[in-house]
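Here's the structure, in structure tokens; my notes come after.
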Amino acid sequence: MERRTIGAATLDVGAIGLGCMPMSWAYTGSRQRGEESLRAVHAALDQGSTLLDTADMYGPFTNELLVGRVLKERRSEAFVSTKVGLLVGEQHIVANGRPGYVRRACDASLRRLQTDVIDLYQLHRADPEIPVEETWGAMADLVSAGKVRSLGLCAVGARSARRAGARLHDGTIRQLERVQQVFPVSAVEAELSVWSTEALDALLPWCAARGVGFLAAMPLGNGFLTGTLTPGEGFEPDDLRARHPRFTAEMMAANQPIVVGLRRIARRHGLLGNTVTPAQVALAWVLAQGRHVVPVPGTKRERWVTENAGGAGLRLTAEDLAEVAALPGAQGSWD
């Protein structure tokens, strides 16, 4: 697989990573199977998808434990990204950016991951009660201590920006400019896909101008852009899509033209003798947004890991990119 570098630290990873969250968190719980997920992580490393993206809150904690079982055998082949800053309660999630907590959380993540160093340690969310510089300074101390190799920041949530009437990533850029004064940012993780392009406006250029890597979260639109979801089929209550404004039966039907467009491009490339899927087109589009961009599709199945990795070898033409740009914008119940 093609390799890409993340940030000024020139950290080397496969062009397509693996989001491990669906294996233990936020998606249909009844379909989460440990052994199947372990096979998926092993398959990712076999395919060259070396970036494994997890977080202490996924589960909570169980996702890091699962990834750790693979790292125990194959640490040298993997690039490990995990996150800190969010605590999960029974019915709520709260931010904690206190320096003492950050240090304890890092040690706990290292134990669960069965490693002595984290390649990329990301601040999941800033604590509104703690200056972000203090949290970031504690994370920088972990780099000095040899427990962490580089630091990253996850984008501020979309809902707060929408309520404030601001551009989606203005708040994230303000945070980035503050923490950059304390210690270099190596990577930013934010949603980017064919149906969620807001990062192209300001956040992606901000990263490109500063040599900061961009981890594209949800590059397959929470599964919608794969073309494998049926409008009206429904989701289990613990699945985040059961409450997502783009996943009502009405909105999924309204957004089908996006999938149709991706299928059309896939068929065109498939005429060359290879099987190409809408998911691979969607990932190739993300990769085409810049050499500093690494899509991190989440899955828990070996089959999809292999298919996603194939997207790294697909090169979209100028015609393809223009066709994607002309697709209708995604609709959601908030619209």
Side-chain angles (χ1 to χ4, degrees), residues 1-2 4 13-19 21-22 27 40 44 47-49 51 53 155 158 189-201 203-204 214-231 240-241 244 246-247 251-272 274-301 303-332:
M1 182 183 290
E2 171 197 349
R4 293 195 166 188
V13 298
I16 291 178
L18 173 63
M21 182 182 74
Y27 288 85
Q47 298 285 340
S49 294
L51 192 156
D53 188 58
E189 184 164 344
E191 183 173 5
L192 176 63
S193 70
V194 166
W195 81 343
S196 292
T197 61
E198 294 87 350
L200 300 180
D201 295 336
L203 187 57
L204 206 63
F214 187 94
L215 305 187
M218 295 171 278
L220 297 178
N222 301 104
F224 183 82
L225 301 177
T226 66
T228 61
L229 300 180
T230 303
L240 63 84
R241 292 169 295 187
H244 195 295
R246 289 181 180 171
F247 283 93
M251 290 301 102
M252 287 180 69
N255 287 319
Q256 284 302 308
I258 301 173
V259 176
V260 170
L262 295 177
R263 281 203 180 100
R264 185 165 54 243
I265 296 170
R267 281 197 300 270
R268 192 156 62 231
H269 283 270
L271 293 175
L272 301 177
N274 300 316
T275 299
V276 178
T277 67
Q280 290 172 334
V281 174
L283 291 170
W285 178 88
V286 173
L287 288 167
Q289 304 312 306
R291 289 285 307 167
H292 62 308
V293 179
V294 176
V296 189
T299 185
K300 53 186 174 288
R301 296 187 182 180
R303 171 188 174 186
W304 303 131
V305 166
T306 301
E307 179 179 314
N308 292 343
L314 178 62
R315 297 292 179 267
L316 300 184
T317 66
E319 178 188 0
D320 297 331
L321 295 172
E323 194 167 332
V324 172
L327 292 175
Q331 299 182 48

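All figures in this text were calculated on a predicted structure; none of them were measured in a lab. Scope of the values below: all heavy atoms of this structure, side chains included, with no hydrogens, waters or symmetry mates.
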Please check: side-chain N/O of [X] versus main-chain N/O of [Y], any donor-acceptor pairing under 3.5 Å?
{"X": "R264", "Y": "E323", "result": "no"}
{"X": "N255", "Y": "Q331", "result": "yes"}
{"X": "R315", "Y": "A312", "result": "yes"}
{"X": "R4", "Y": "L287", "result": "yes"}

Distance (rounded to the nearest 0.5 Å) between [X] [atom1] and [Y] [atom2]:
{"X": "T226", "Y": "W304", "atom1": "OG1", "atom2": "CH2", "value": "6.5 Å"}
{"X": "L314", "Y": "I265", "atom1": "CG", "atom2": "CD1", "value": "9.5 Å"}
{"X": "M251", "Y": "F224", "atom1": "CE", "atom2": "CZ", "value": "10.5 Å"}
{"X": "Q47", "Y": "T306", "atom1": "CD", "atom2": "OG1", "value": "4.5 Å"}
{"X": "R268", "Y": "E319", "atom1": "CZ", "atom2": "CD", "value": "4.5 Å"}
{"X": "L192", "Y": "T197", "atom1": "CG", "atom2": "OG1", "value": "7.5 Å"}

Of the non-hydrogen atoms in [X] and [Y], which two are nearest, and what is the gap between them?
{"X": "L283", "Y": "P297", "answer": "CD2-CG, 4.1 Å"}
{"X": "A40", "Y": "L18", "answer": "O-CD2, 4.2 Å"}
{"X": "V276", "Y": "V281", "answer": "CG1-CG2, 4.0 Å"}
{"X": "P231", "Y": "Q256", "answer": "CG-NE2, 3.6 Å"}
{"X": "G17", "Y": "V294", "answer": "N-CG1, 4.0 Å"}
{"X": "V286", "Y": "A216", "answer": "CG1-CB, 3.6 Å"}

Legend entry - Set of salt bridge (charged side-chain N to carboxylate O under 4.0 Å, His left out) partners for R263, sequence neighbours left out: none
Indicate yes or no: at least one non-hydrogen side-chain atom of [X] is less than 4.5 angstrom from one of [Y].
{"X": "L215", "Y": "L51", "result": "yes"}
{"X": "N222", "Y": "R246", "result": "no"}
{"X": "S49", "Y": "N308", "result": "no"}

Legend entry - For T277, all residues meeting side-chain hydrogen bond (donor to acceptor under 3.5 Å, both in side chains), sequence neighbours excluded: E307
Legend entry - Derivation and outcome, side chain to side chain contact (heavy atoms under 4.5 Å, CB included), residues Q280 and N274: CA-CA 12 Å; Q280 290 172 334; N274 300 316; over 6 Å; no
Inset, instruction - Anything under 30° is parallel, anything over 60° is perpendicular, the rest tilted; go ahead and classify W195 against F247. - result: perpendicular
